[in-house]
Amino acid sequence: MKNYKRFGRVFVFVAVLFTVFFATGATVFAAEAGGAAAEAAASINPGLAYLGAGLSTGIAAIGGGIAVGGGAPAAIGALTEDPKSFGKSLIFVALGEGIALYGMLIAILILAKV
C-alpha cells in the first residue's frame, strides 16, 4: 500500500508541475513576446485540454482499478459466507467502478469545451 501512496504523490506532483509550467509559463511569455509566439501559445491550450482529459480518465481508471481490486475479493469472500449479502457487496464494488466513470465524465466535459 505504501508503494501506491508514494507513486500517487509523485505522479500528482509531476502532473501539477507540468500543467502549471506549460499553462501559465508559455502563455505569459508568449503574450509578452507577441506575434507568432502568442499564436503558438494559443495552440498549446487545446493540447492542455486533451492532456487534462487524458489524465482525468487515466488517473480515475487507476483509482477505480485499485478500489475494485480490493473490494471485489472481499465481496466474494462475504458472499461465500452469507449469500444474503449479495446486494451490499455489489454496491461496494459498483462504487469503485463509479470512480472511473466520473473521470470519463470529466473528460467528456473538458472535450466539449474545446
Side-chain angles (χ1 to χ4, degrees):
M1 190 63 159
K2 290 182 180 180
N3 291 336
Y4 286 132
K5 288 182 180 180
R6 177 187 286 173
F7 176 74
R9 288 178 186 156
V10 169
F11 186 76
V12 169
F13 179 72
V14 169
V16 167
L17 278 179
F18 182 78
T19 305
V20 167
F21 175 74
F22 282 111
T24 59
T27 306
V28 169
F29 292 132
E32 291 175 0
E39 293 176 9
S43 68
I44 290 175
N45 290 334
L48 287 176
Y50 293 130
L51 178 68
L55 283 175
S56 69
T57 304
I59 293 172
I62 290 170
I66 292 170
V68 171
I76 292 170
L79 188 61
T80 57
E81 291 181 10
D82 183 19
K84 294 180 183 177
S85 66
F86 178 72
K88 295 175 190 174
S89 301
L90 187 65
I91 290 172
F92 285 115
V93 174
L95 286 173
E97 293 175 3
I99 296 171
L101 292 175
Y102 293 141
M104 188 176 69
L105 177 67
I106 295 299
I108 290 170
L109 291 173
I110 290 172
L111 293 176
K113 293 288 183 181
V114 175

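In this structure, Ser85 and Ser89 approach most closely via the heavy-atom pair O-OG, 2.8 Å. Closest approach of Ala67 to Gly96, counting heavy atoms only: CB-CA, 3.8 Å. Scanning all heavy atoms of the two residues, the minimum distance from Gly64 to Ile99 falls at N-CG2, 4.2 Å.
In terms of hydrophobic clustering, with Ile, Leu, Val, Met, Phe, Trp and Tyr side chains grouped at heavy-atom distances under 4.5 Å, Leu55 and Ile106 are assigned to different clusters. The cluster map of Ile, Leu, Val, Met, Phe, Trp and Tyr, joined by side-chain heavy atoms under 4.5 Å apart, puts Ile91 and Phe86 in different clusters. Hydrophobic clustering, with ILVMFWY side chains joined whenever heavy atoms are under 4.5 angstrom apart, keeps Val68 apart from Ile76.
Judged by distance alone, with hydrogens and angles left aside, the side-chain atoms of Ser56 form a donor-acceptor pair with the main-chain N or O of Ala53 at under 3.5 Å.
Atom CD1 of Ile110 and atom OH of Tyr50 lie 11.5 Å apart (nearest 0.5 Å).
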